[in-house]
Each structure stands twice: as structure tokens, then as C-alpha cells.
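Data block below; observations after.
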Number of protein chains: 2
Amino acid sequence: MSIDHGSAPTLEKVAELAGVSRSTVSRVVNASPRVKPEVIRAVNDAIQKLGYVPNRAARTLASRRTQAIALVIPENTARFFADPFFASVIQGVAFRLAQTDYTLTLLIAAEGDPGKTRRYLQGGNVDGMLVLSHHNDDASYVDLAGRLPVVFGGRPMSRESENVHVVDVDNIDAASRATRHLIERGRTRIAHITGRRDMAAGIDRLTGWRRALDEAGLPAELVEDGDFTPEGGAAAMRRLLDRGEPIDAVFAASDQMAFGALNLLRERGMRVPDDVAVIGFDNNSYAISSRPELTTVEQPSIEFGTAMAEALVRLIDGEEVDTLTLLPTRLVQRAST
Amino acid sequence: MSIDHGSAPTLEKVAELAGVSRSTVSRVVNASPRVKPEVIRAVNDAIQKLGYVPNRAARTLASRRTQAIALVIPENTARFFADPFFASVIQGVAFRLAQTDYTLTLLIAAEGDPGKTRRYLQGGNVDGMLVLSHHNDDASYVDLAGRLPVVFGGRPMSRESENVHVVDVDNIDAASRATRHLIERGRTRIAHITGRRDMAAGIDRLTGWRRALDEAGLPAELVEDGDFTPEGGAAAMRRLLDRGEPIDAVFAASDQMAFGALNLLRERGMRVPDDVAVIGFDNNSYAISSRPELTTVEQPSIEFGTAMAEALVRLIDGEEVDTLTLLPTRLVQRAST
DNA sequence: CTGAAAGCGCTAACAT
DNA sequence: ATGTTAGCGCTTTCAG
């Protein structure tokens, strides 16, 4: 097990080989202006020849810029890694950052030792942070917004702070639209399977559903809590059906729950959309894997991530960034309604 | 937009407050032995009082240890972020590392500029790297194993190098077992929907299927390529059926493909498992979301990630680590067979 | 067991 | 346009 940690060539070596000072090499490496073209050439040649790669730690130490961004995911949220929405957001963040010189540090905030993550974040190890939280514990990061640039994915449950930047979709409006879609198709007994109630998205979608129903003068009593998973959706659907009241449509706060509801409906011998129309939220693989395929509200998940990264990078660069970036949603009509 | 980048207290401040030298503070921080208990107390008090957090860059620069680990994911593989298996592996890696002082740097290796990732890796920015690849392009990282500790998730397609460490499951054996399960249940016309052929897992599962069939003296001609997705599985199933030859069972190299195949079988009016038995691979959410639920080969995905992290950390610490870590698989019997 | 001194590799004024 | 001079905050011999 002998690995050749061949000591990397330093900036100084490059300077010697190119016959210039270290400052000049530094300038060339950092694409600073005012360097004679021929010198740039000479330096680059030397860099090439030596296979020089700048040492990040030294750079960070001297410049006070880490070129690193943290993606903070609370431990309990991390369990939802496989949730298509989260996965896509992370993918979007990673892709956008791959186009920059920023490095992405994935931070699973352990519940056991919250101080560890905070210390890391406050210790000047990153230039900014992204918070992706499923739950309301994101509250613990809001205050950090005063110490370094922070962008939240989805509005945090806690009070707003002026330094808090958020990327989100208008969940109330989107849910309301989905519900109206059902109403327009003549449904009157419209149920809702909620997302988690400790998440803004879950609460807002519930609000949107209720609003649309209220405006149409329809009853908004058929609600059961889900948890964004297929199993949770099926369980909620079962409770809904077991109430014994008539139901002719259901709006689930996620495709996964709609998928689970669909399965249960089939088991109970109910036809979709004939007996019950079903609409989901997300437009992910579950929407097209189900039979019938799901009508759903599409939210741009990858763009959700790129927008977060984009906002943070601009924030770090000292640019003006909107406190709230709202991404568009779109109703996708399929066979379940 | 004014953020208070309150300059963090340095080790020197702590030394002053505690009335000792910087060296001593450093020793305490690094839990070095031979420091008088009372001094340790004094220093810790000062650290507490000042809210001191060591500067990572300075530490790295001075000690030549980054305390960072890179998780490299080729761009094309990153598109499979939502694949439950990948998501779980990443989750496992992140969780295991969260228990250490290592930081996880997520590196999406851009196809456009492969040099960027390599430079980063070679530039002494990390103490070790983990490679998670869906495809055969992991070959480009095998040689880096000579410069720093590397652990692959799934055996790379390229030739082995003595410094290459791998965490994997025995795909040949597992696939063979799945196939034998079908044979034992009296099936004789057993088809296979492959994974990607440019992945070791895809190739090995095909080999295992063929081996079991050969040993039983059964024909191994019913093969169609899939790509690990539900859509790919459905398409492969369609081609299989369109051959017009009898089929009484199918082994799909992933639950997602089995799921897709199941949907297609239903469309064609075939009953599972009565007419056709179906077995998948992974045991993820698709296996329990499908109707009927899938019999499948379970592979411990989270442990896959923790094992990778574990091996790398030990490698970095200079410990002896097996070149190949094989994780156990298990047949999970459900309604589809 | 503790302190002094010398850097780690790079950037950033300040000169020139 | 380029070089000089100081560090950035920490670890690490080497003394004692």
C-alpha cells in the first residue's frame, strides 16, 4: 500500500521556470489584467510543463475566499434522498455549481450534534450555504443568514429575516389551480391528501385546496394527512374512503401519494377517473408509472436547484438578488382526471 | 445587504486568553497527549468563551491533510440521482462521513471538461475519493488510485489495478440465485431484461442468469436490453412478447424495469404470476409499489455507501483494507412469483 | 510537558 | 507591468 504522493509543484517553481516573480504567476493564474501577453504565454507554458495545480487551502487562507458552498440537509430530510423531487433539486444544484469554480460540500446536519454543522458553517469554511429542508427545523439556520449568504429551497417555516433568500413555487396558487381543474370537470366531493404539516409546502397546498373549494362554495372537509410517500398516500386514501362519505375526486400533495391512493382505489374496486378523479403534484416518474397516468401539477425540480445555486453565487458576488424567486408551475393533463 | 463577517477568533487569541503558547492550544485542539489536565481545562474554557473554531484552510495548509473526501459522479451517471439505489448509496456515504471529521465534496465530473475534475483531485484538495459510476467511463479514474486512496462503488469495467479498492455485491451469484428461484418454481421459459451493458452490474447479472439456465439445461435465448428504468423495462418486455415465443417468467436486472414489465404484462392481459412470474433486483420502493408486489433480490444499498466510506477512511488512515468488499444479497419472496 | 521558530503555498498591498 | 514584502492561521520540529 504505497502511494506516491508526489509533492505537487508550487507556484514558486512555476515562477522560476518562467523567469518571473510569484506575484506575476499569481496574476496569470487569476486572470488579472495588466500582464504582458508574452509573459502570460511563458507562465502558462511553465504551468503546463510542470502540471501545476494551485493549492486551494493556501489560496483560501491568503484570500479569505473558500470557493466552497455548503448544501445543508437536516438528517431527517436526508432520509428522503430518494424522493424524486429532492434528488432533482440536488442534481440541479450540483450541475449549476459544476459550471463554476465553487465546490459543493454536502452537509448532513446530524440531529445528535447540531453544533457541529453550525460550527463548520460559522468557521469560515464556506462562502455561502444552501438549505434544503423537509421539516421545520430549518429554523435553526435562519439566523446564520446574518453571518453568510444563505438561500433556502422552499420557504422556511420560521419567521422571515431580511437576509433570508428563498427559491420556491407558489404552492397555494398551484394547489388552488389543481383543485379548480377538478371543479371544472364537474367534481363536487373533492378530498385532499396533505403533505407533511410541518413543511411549508404541505401547509400551502392544503391552503390552496381549501381556497379553491371555498370560492366555489364547495365543502372542504375531506382531508387526511399523508407524508409524501406512496404508503402514506394509500393509508390516507383508505381513511378517506372509510369515512363512508361520497368522494368523487382527490387532490394529493405529491405524485407519490397520488400513486399510493390510486393503488388503494383499485383494490377497493373503484375506477379512475370514472368514479374518482385523481390529481397529483410534482410530475415525476410516479406520475407516468401509474395506471392510469396521473394528471398533476408540474414543478421544475432541476431548475429549482439551479435557481438556488444561481441566487447564492450572485449573493456571494455581492449582487442584488430578489428575496423570493418564484418558479412557475404547470398543470399536466393525463388520464387520471 | 450588509452581512457581518465578524472576524473569527484565532488560535492566538485563545492562547492569550488561556495564558499559554499557540503550540499548546494546538495540542489541546488536536487532542494530543502530554498536556497537563489543568492546562487543557484552561484552554477549553478560553475556546468556549471565544467561540473559537479552527480555520480549516490554515490547518490543511500546515498539516497537509484536507479532511475532505470527494464523491465523484460522472455527469451521465448523475442523471440517475433519482435512482433509488444511487440515492441510497449517497445517503449511506454521507451518513457514515457525518460521523467523522471528514467533509464530503460532491463532484459532478463534467464530460465537457474532464480535466477539471482530475486537476481538482490531483491538486491535493482531498484526502481520498469515492467513485460512483453507472458507466464504463470510470476507467478514467482508475489511474488516480496511484496518487491517492480511491474506493469504487461497483467494480469498474476497466482492468484492475492493485491500488483499486472496490465495494460491490456478487451480481453473478445473486442473478443466478434469482433465476434458480424461478426454475425451482417450475418455470422453463425464463427471459431476462438486462441492465445497461456498459455497466459491470448489467453484464454480471446477465452472466448469472445465463449460468443458472445452462446448469439446468434450459435455453438462454430470451434476452432484451433494458436501461434500468421503468420505461426501458416495459419496452424490453414488449419486444420479448412480440417475439411470439412462449415465456413463463422474466428476471429483470432492476426493480424499476420489473415494474415497467409488470405494467406491460397487464396491458397485454397476462396474469402475474399465473401466466408469467416476474422477479426484480434491488428491493426498493418500486418493488412494494407494484401490483402484485415484486419478488426481488435485495442488495443493501445504504450499507453499500457506508462500506465505501468506511473503506476509504481506513485506507486514508493507512490501514490494511481488502481490495474487494462483497456485501450480501438476499432473495425476498413476494407475490410476483 | 511547553514554548520558540519556521514554514505550509498563496494573495495582496505597496513600491517601482 | 512586475517585483517586494508581509502575512493568512495553523502545525510541527526542535529545544528545554
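A note on names: the letters A, B, ... follow the listed sequences, proteins ahead of strands, and every chain is numbered from 1.
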- request: Quick one: do A:Y141 and A:D143 satisfy side chain to side chain contact (heavy atoms under 4.5 Å, CB included)? Show the steps, please.
  value: CA-CA 5 Å; A:Y141 297 104; A:D143 63 301; 5.6 Å; no
- request: Assess whether side chain to side chain contact (heavy atoms under 4.5 Å, CB included) is satisfied between B:L326 and B:D168, documenting all intermediate values.
  value: CA-CA 5 Å; B:L326 232 35; B:D168 208 346; 4.2 Å; yes
task: Verify side chain to side chain contact (heavy atoms under 4.5 Å, CB included) between A:V39 and A:V43, making sure each step is shown before the conclusion.
output: CA-CA 6 Å; A:V39 176; A:V43 172; 4.1 Å; yes
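A donor atom on one side chain and an acceptor atom on the other are found under 3.5 Å apart for A:R59 and A:N30. If you check the side chains of A:N55 and B:R64, you find no donor sitting under 3.5 Å from an acceptor. For the residue pair B:S21 / B:T24, a side-chain donor-acceptor distance below 3.5 Å is found, with atom types taken as modelled.
Of all nucleotides in DNA chain D having an atom under 4.0 Å from a heavy atom of chain A, the first and last in 5' to 3' order are D:dA1 to D:dG9.
Under the side chain to side chain contact (heavy atoms under 4.5 Å, CB included) test applied with B:D127, the options B:T66, B:L315, B:T60, B:D317 reduce to a single match, B:T66.
Summarising the geometry of A:A15 relative to A:V25, their closest heavy-atom pair is CA-CG2, 3.6 Å, with the distance given to 0.1 Å. Contact between A:M308 and A:V89 at its shortest, heavy atoms only, is SD-CG1, 4.0 Å.
Atom CG of A:L11 and atom P of C:dT11 are 6 Å apart (whole Å). Atom-to-atom, CD of A:Q67 to P of C:dT11 comes out at 11 Å; the value is rounded to the nearest Å. Remark: P of C:dG3 and CD of B:E12 are 13 Å apart, rounded to the nearest angstrom. Rounded to an integer number of Å, the gap from B:N125 CG to C:dC10 C1' is 13 Å. The CZ atom of A:R27 sits 11 Å away from the P atom of C:dA12 (whole-angstrom rounding). Counting to the nearest Å, the P atom of C:dC10 and the NZ atom of A:K13 are 12 Å from each other. Atom pair B:N55:CG and C:dC10:C1' shows a separation of 14 Å (rounding to whole Å applied). At whole-Å resolution of the value, CG in B:L61 and P in C:dA6 are 18 Å apart.
Note that the CG atom of A:D83 and the OG atom of A:S88 stand 9.0 Å from one another [nearest 0.5 Å].
A:V20 comes within 4.0 angstrom of sugar-phosphate atoms only, judged by non-hydrogen atoms across all strands, and of no base. Across all strands shown, A:T24 has heavy atoms under 4.0 Å from sugar-phosphate atoms exclusively, and none from any base.
In the set C:dT11, C:dG3, C:dG9, C:dT11 carries the atom at the smallest distance from any side-chain atom of A:S63. Relative to the side chain of A:S23, the nucleotides C:dA12, C:dG9, C:dT11 differ in distance, and C:dA12 lies closest.
Comparing B:P33 and B:A62 against DNA chain C, the residue whose closest nucleotide sits nearer the 5' end is B:P33.
In the interface, the side chain of B:R64 is not paired with the base of C:dG9 through any donor and acceptor atom under 3.5 Å apart.
Of the side-chain N and O atoms in B:S21, one or more sit less than 4.0 angstrom from OP1 or OP2 of C:dG3.
Scanning residues 35-45 of chain B for heavy-atom distances under 4.0 Å to DNA chain C yields B:V35, B:K36, B:V39.
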